[in-house]
Amino acid sequence: MPWLILFAAGLCEIGWAVGLKYTDGFTRLWPTVFTGASLLVSMALLGLAMKSLPLGTAYAVWTGIGAVGTVILGIVLFKEPATVARLVCVGLIVAGILGLKLFSSTQS
């Protein structure tokens, strides 16, 4: 269960990271509200997951999910470049996330 909570926290991190782009410097109300809510939920879920997952593992996986998802949505939503080098780097992040999951001392 902590891994599912951590995954949900990572998805919320993607929400607030992408939401920042839509806030236009926090000048647009609803994107700002969505971004703030996503940030709060993401942090709360991360805190719950850390009750039983190692700190370093949980934080690295959380940021990794956020980074990968944000890069992918940047490519899809904002037409950011999808070069081979960028995609290989994203693949390395995914490999790191999977490695941390596989070799974590808490296999819940």
Side-chain angles (χ1 to χ4, degrees):
M1 185 58 90
W3 286 102
L4 291 175
I5 292 170
L6 184 60
F7 183 73
L11 293 179
C12 290
E13 186 189 8
I14 297 166
W16 71 258
V18 172
L20 283 173
K21 184 78 168 172
Y22 288 104
T23 68
D24 196 26
F26 300 105
T27 60
R28 297 178 60 212
L29 176 64
W30 293 114
T32 299
V33 169
F34 170 79
T35 299
S38 294
L39 177 60
L40 291 173
V41 171
S42 180
M43 291 289 176
L45 292 173
L46 176 61
L48 285 174
M50 282 185 176
K51 288 172 74 172
S52 56
L53 294 175
L55 167 71
T57 299
Y59 184 75
V61 170
W62 177 71
T63 58
I65 292 168
V68 169
T70 302
V71 169
I72 291 169
L73 287 180
I75 291 167
V76 171
L77 298 175
F78 304 112
K79 309 296 185 239
E80 293 176 0
T83 64
V84 171
R86 285 186 88 199
L87 296 176
V88 167
C89 290
V90 168
L92 291 170
I93 296 170
V94 170
I97 292 168
L98 293 174
L100 287 169
K101 167 66 171 110
L102 288 172
F103 300 112
S104 174
S105 61
T106 305
Q107 294 292 324
S108 299

The criterion is side chain to side chain contact (heavy atoms under 4.5 Å, CB included); which residues satisfy it with [X], sequence neighbours excluded?
X   : result
L20 : W16, F26, T35
L4  : M1
L73 : I14, V18, L77
R86 : V71, I75, E80, P81, T83

Review point. Members other than L29 in its cluster, when Ile, Leu, Val, Met, Phe, Trp, Tyr link by side-chain heavy atoms under 4.5 Å?
Key: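 L29 shares its hydrophobic cluster with W30, V33.
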When hydrophobic residues are tied together by side-chain contacts of less than 4.5 Å, even through go-betweens, does [X] share a cluster with [Y]?
X   : Y   : answer
W3  : L55 : yes
Y59 : L92 : no
I93 : V84 : no
V90 : F78 : yes

Review point. What closest approach, in Å, do L11 and I65 show between heavy atoms, and which atom pair accounts for it?
Key: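 Looking at all heavy atoms of both residues, the closest pair is N-CG2, 4.0 Å.
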Point to revise | Closest heavy-atom pair and its distance - L100, A60 | key: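 Shortest heavy-atom contact: CD1-CB, 3.5 Å.
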For residues 36-49, please give each side-chain donor-acceptor pair under 3.5 Å, one per line with the distance, not counting sequence neighbours.
unit_1: S38; atom_1: OG; unit_2: F34; atom_2: O; d: 3.0
unit_1: S42; atom_1: OG; unit_2: A9; atom_2: O; d: 2.9
unit_1: S42; atom_1: OG; unit_2: W62; atom_2: NE1; d: 2.9

Review point. Taking atom NZ of K101 and atom OG1 of T57, what is their separation to the nearest 0.5 Å?
Key: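 The distance works out to 10.5 Å.
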